[in-house]
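When a ligand or atom number is given, it counts from 1 through the structure's own listing order. Atoms considered below: every heavy atom in the structure, side chains included; atoms not considered: hydrogens, waters and symmetry mates. Positions are given from 1 along the sequence.
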Amino acid sequence: MRQYGIIRGMKKAQNVVEKVLSAHLVEGDPAKDPELGIRIDQTLTQDATGTMAYLQFESMDVPRVKTDLSVSYVDHNTVQIGFENADDHDFLQSIAKKYGIVYSKCGNGICHQLHLERFGKPGTTLLGSDSHTPTGGGIGQIAIGAGGIDIAVAMAGGAFHIPTPKVRAIVLKGKLKKGVSAKDVILKVLEKYGTKGNVGWIFEYTGPGVATLDVPSRATITNMGAELGVTTSVFPSDAVTKQFLAAQGRAKDFVKIVADKGAKYDDMFVVDLAKVEPMMAAPHSPGNIVTVKSMKGTKVNQIMIGSCTNSSYRDIRTVALYLKGKHVADDVEVGIACGSRQVINMLAKDGSLAILHSAGCRMLENACGFCIGAHMSPRTGAVSLRTNNRNFEGRSGTKSAQVYLVSPETAAASALTGKVELPTKKPVAAVPSPKKFPIDDSMFLYRATAGKGVKGAEIVRGPNIAPVPKGMPLAKDLKAVAAIKVGDKITTDHIMPAGARLKFRSNIPEYAKFVFEPCDPKFHDKCLANKEKGLANVIVAGESYGQGSSREHAALCPMYLGVKAVIAKSIERIHRANLVNFGIVPFLFENPKDYDKLAAGDRLELKGIRAAVEGDGVLEVKGPKGTFRVKTALSDREKHLLLCGGLLASL
Ligand code: MIC
Ligand code: SF4
């Protein structure tokens, strides 16, 4: 196997990213190719993206998974109003049994927290059908989020493709003040780099300050790196990692991976931990950063603590210490969702659960829940402080709500008064890293048959499980309609809403009814009417189109509605990959000003689109206000997929 560092002439001094990638490189030359293929050791799925991933895997006709480990988690759709969620769970369990996948039962916890606790290994690669998979970077794993079909390919033994990364060192020095925590650090990084323009980068945390952060804190930082739009974020695997793995009874999984002295980076940013202040992300973007100080005294209606960003024992125990012997303010509703059963068991043992109950908190299921708007939507116009990672408009389930993202410390301090408070005023003692975590793997099924599968196991398919649609080969020319025109920073929550609609994830014709529901509820009908007239649909968008989650439904459902191209000012990484996987051409305006010339409903002519995809990716589009040029930079692999009509159609 070729060595990543050697190609770059850095044989002697490699950074952490180069070390892990060099050991997994199977395609491409980092010195000249725009895209690299890497071998994937582990995969994870969650139920909301998993059903589609496994339906796609099933259609690949592979007898069992070929990874070292694949785990199927159930944590998103757990409310079970109606039969749909339960249908999905049964399907996922039966698939896991058949194909040699470990199945984490509903109620076990949130995928990223559980994977970090029980399975993640330093120096390995993890591909997950969830954008917060980089949580694994907290223990030195190159953990990447992708669309479900990419996970299916990885489970079938195929490589995963990433843009050849540029690596930015985030150099941590000093030590955090009391009351300031990892969430404030990642919000600081988001303040600097924002939520767009980071496509293709990997952020590697380094410097003397790294040793002052425990594994859950590191994982909070890499988790929310997803909001930067980077490929992933990673910490070294060091003595702190070793202690964490040993305390999880997994000492044998430890390998040391630290950057060599003199390792080079493409860029660097220094964060003096001692100078980090409590921060928050204001509505409606994780990149809209302000200080807690500047918002002090703002009345708060709801406080939600948990999600894969901040639901570790360290986080919830810290909240309990703030609330000990006190009560939350009368006008504020406080909900807490822990990350795993392990976390709950520890809180039960040390008295924290009783503290939180007595303080008037609502203890919720250890699942995604509020984070994805599955429940606990705040009241009209509410100010909601949340410890999760996304505050996109309407994601909480209440369009008029003002959601601020904060640390558990800020959330807890504010819960006591019902106003935004500085957690540094009366900070609590740091929670020491547990010497031994209580281990109970009883809700992970099929561990004994992992990688092997059970012969004769039957797949259970309730009525909510519909077949996956396949794309059609790309036509020579297209007559099209700009079915919608949207602005900047359109997230996958705009394109394919979750919350109440989430239960249709396994049923594309049904789910497709809600594409762009928050922007144009008639989008579905318009697209189908155009399709019937033999016209293709095109989405026109501004900067940073497709931010947010890895949900491939934001490409798959538009494909089903006859969308053949997106024309945007810029497109985010995971979403761009999903578009290609489903045969939708991801075009960019050659001149972004041409965006202004287009309106929804415009007739467009994409003459020679097939030849453009086959060739240099440049196409002249005819619109009502004249012609304009669009472009797309495609690898040979991507060209092939688009010409075939997507990955499934290419098999
Ligand atoms: C999210 O946080 O938006 C999700 C739900 O976890 C998504 C995945 C999905 O849409 O199912 C993600 O982040 O990838
Ligand atoms: Fe679940 Fe929220 Fe994390 Fe997504 S961001 S995996 S919905 S907890």
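- Using a 4.0 Å heavy-atom cutoff, Arg395 is listed among the residues neighbouring ligand 1.
- For atom 4 (Fe) of ligand 2, the closest heavy atom belonging to the protein is His76 NE2, 3.8 Å.
- Given atom 1 (Fe) of ligand 2, the protein heavy atom at minimum distance is Cys368 SG, 2.3 Å.
- Atoms of ligand 1 lying under 4.0 Å from at least one heavy atom of Ala48, given by number and element, are 11 (O).
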(request) Step by step, work out the side-chain contact (heavy atoms from CB on, under 4.5 Å) result for Lys183 and Glu409. (result) CA-CA 9 Å; Lys183 183 61 154 282; Glu409 288 81 352; over 6 Å; no
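- Here Cys308 does not reach atom 2 (Fe) of ligand 2: none of its N/O/S atoms is less than 2.8 Å from the metal.
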(message) Checking Val515 against His524 for the side-chain contact (heavy atoms from CB on, under 4.5 Å) test, could you report, in this order, the C-alpha distance in whole Å, the side-chain angles of both residues, the deciding distance, and whether it holds?
(response) CA-CA 6 Å; Val515 177; His524 166 267; 5.7 Å; no
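- For Gln46, every heavy-atom contact with ligand 1 shorter than 4.0 Å involves the side chain, none the backbone.
- For ligand 1 and Arg505, the ligand atoms under 4.0 Å from any heavy atom of the residue are 9 (C), 10 (O), 11 (O).
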(message) Under the criterion salt bridge (Lys or Arg N to Asp or Glu O under 4.0 Å), I'd like the reasoning laid out for Lys503 against Glu510: C-alpha separation, chi angles, the key distance, then a yes or no.
(response) CA-CA 10 Å; Lys503 63 181 184 185; Glu510 199 48 44; over 6 Å; no
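- For the pair Glu204 and Arg218, the salt-bridge criterion is not met [side-chain N within less than 4.0 Å of a carboxylate O].
- When each atom of ligand 1 is checked for a heavy atom of Ser550 under 4.0 Å away, the hits are 12 (C), 14 (O).
- Tyr54 has its ring centre no less than 6.0 Å from the ring centre of Tyr99.
- Of all atoms in ligand 2, listed by their number and element, those nearer than 4.0 Å to a heavy atom of His132 are 5 (S).
- Taking a cut-off of under 4.0 Å to the non-hydrogen atoms of His76, the atoms of ligand 1 that pass are 4 (C), 5 (C), 6 (O).
- Within a 6.0 Å radius of CZ in Arg362, no more than 12 heavy atoms belonging to other residues, nucleotides or ligands are found.
- Applying the 4.0 Å criterion to heavy atoms of Ile372 picks out, from ligand 2, the atoms 7 (S).
- The single protein non-hydrogen atom nearest to atom 2 (Fe) of ligand 2 is Cys371 SG, 2.3 Å, given as residue, atom name and distance.
- Which parts of ligand 2 touch Asn389 is read off a 4.0 Å heavy-atom cut-off, strictly below it: atoms 5 (S).
- Using a 4.0 Å cut-off to heavy atoms of His112, the atoms of ligand 2 that qualify are 6 (S).
- Heavy-atom proximity to Asp130, at under 4.0 Å, picks out these atoms of ligand 2: 6 (S).
- Under a 4.0 Å criterion applied to the non-hydrogen atoms of Arg390, ligand 1 contributes the atoms 1 (C), 2 (O), 3 (O), 12 (C), 13 (O).
- By the 4.5 Å heavy-atom criterion applied to side chains, Met496 and Phe514 are counted as neighbours.
- Selection from Asp75, Asp130, Asp47 by nearest heavy atom to atom 6 (O) of ligand 1 gives Asp130.
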